[in-house]
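A quick note: this is a predicted structure, and the numbers were derived from the prediction, not measured.
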Amino acid sequence: MSTETLNTKIDALREMSRQHEQMLNNAHHRIDELEFRLNFPKLMTPRQVCDFLQISERQFYEWKRAGDSPPAIYWSERTVRYDLDAVMAWAKQKEVGQA
């Protein structure tokens, strides 16, 4: 086998290895996301939202008073819930910079 053929095969194997590594990284990311979601219910209380966002309740209510909080579901005056997907979408809008 010529050196050129051997180098071509090595390059192809490296590319396959890179693709497999990317697939594994994507799978790990998805597993991490699913495990994270398992720790929080679909509909969260304000306290659970604070835990999810890793902020204090004081900060959360300051944002809420300023009109900058995730959309809420009001079942009654004292029963408020937040949809996990809506909270995640709201938080995603807060991202700045490039990854």
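- Under a cut-off of 6.0 angstrom, the local environment of CZ in Arg14 is sparse, with at most 12 non-hydrogen atoms contributed by other residues, nucleotides or ligands.
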**Request:** Could you go through the side chain to side chain contact (heavy atoms under 4.5 Å, CB included) check for Asp83 and Trp90 one step at a time?
**Result:** CA-CA 11 Å; Asp83 181 87; Trp90 174 84; over 6 Å; no
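- With Gln19 as the fixed residue, the side-chain contact (heavy atoms from CB on, under 4.5 Å) test singles out one of Glu15, Glu21, Gln22: Glu15.
- Counting heavy atoms from C-beta on, the side chains of Leu84 and Phe52 come closer than 4.5 Å.
- Put simply, OG1 on Thr45 and CG on Asp51 are 7.5 Å apart, with the number rounded to the nearest 0.5 Å.
- Rounding to the nearest 0.5 angstrom, the gap separating the CH2 atom in Trp63 from the CG atom in Asp68 is 7.5 Å.
- Taking the six-membered ring for Trp and thresholds of 30 and 60 degrees, Phe60 and Tyr82 have ring planes more than 60 degrees apart, a perpendicular arrangement.
- Not counting sequence neighbours, Arg65 has no partner by the salt bridge (charged side-chain N to carboxylate O under 4.0 Å, His left out) test.
- Atom SG of Cys50 and atom CZ of Arg58 lie 13.0 Å apart (nearest 0.5 Å).
- Here Arg78 pairs with nothing under the side-chain hydrogen bond (donor to acceptor under 3.5 Å, both in side chains) rule; sequence neighbours left out.
- Among all heavy-atom pairs drawn from Ala86 and Pro71, the shortest one is CB-CG, 3.9 Å.
- Follow the hydrophobic side-chain contacts under 4.5 Å out from Ile31 and you never reach Met23; the two are in separate clusters.
- Of the inter-residue distances, the one linking Asn26 atom CG with Arg30 atom CZ reads 11.5 Å to the nearest 0.5 angstrom.
- Separating the CD atom in Glu57 from the CZ atom in Arg47 is a distance of 4.0 Å, to the nearest 0.5 Å.
- Side-chain N or O atoms of Thr8 include one that pairs as donor or acceptor with a backbone N or O of Glu4 at under 3.5 Å.
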**Item:** Worked check of side chain to side chain contact (heavy atoms under 4.5 Å, CB included) between Ile73 and Val80
**Value:** CA-CA 6 Å; Ile73 301 167; Val80 181; over 6 Å; no
**Request:** Given side-chain hydrogen bond (donor to acceptor under 3.5 Å, both in side chains), test Ser2 with Thr5 step by step and report yes or no.
**Result:** CA-CA 5 Å; Ser2 73; Thr5 303; 2.9 Å; yes
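- The CG atom of Leu13 sits 10.5 Å away from atom NE2 of His20, with the distance rounded to the nearest 0.5 Å.
- With sequence neighbours left out, the salt bridge (charged side-chain N to carboxylate O under 4.0 Å, His left out) criterion links Lys92 to Glu95.
- For NZ of Lys64, the number of neighbouring non-hydrogen atoms (other residues, nucleotides, ligands) closer than 6.0 Å is greater than 12.
- Leu43 and Val87 fall into different hydrophobic clusters, where Ile, Leu, Val, Met, Phe, Trp and Tyr residues are linked whenever their side-chain heavy atoms come under 4.5 Å apart, directly or through other members.
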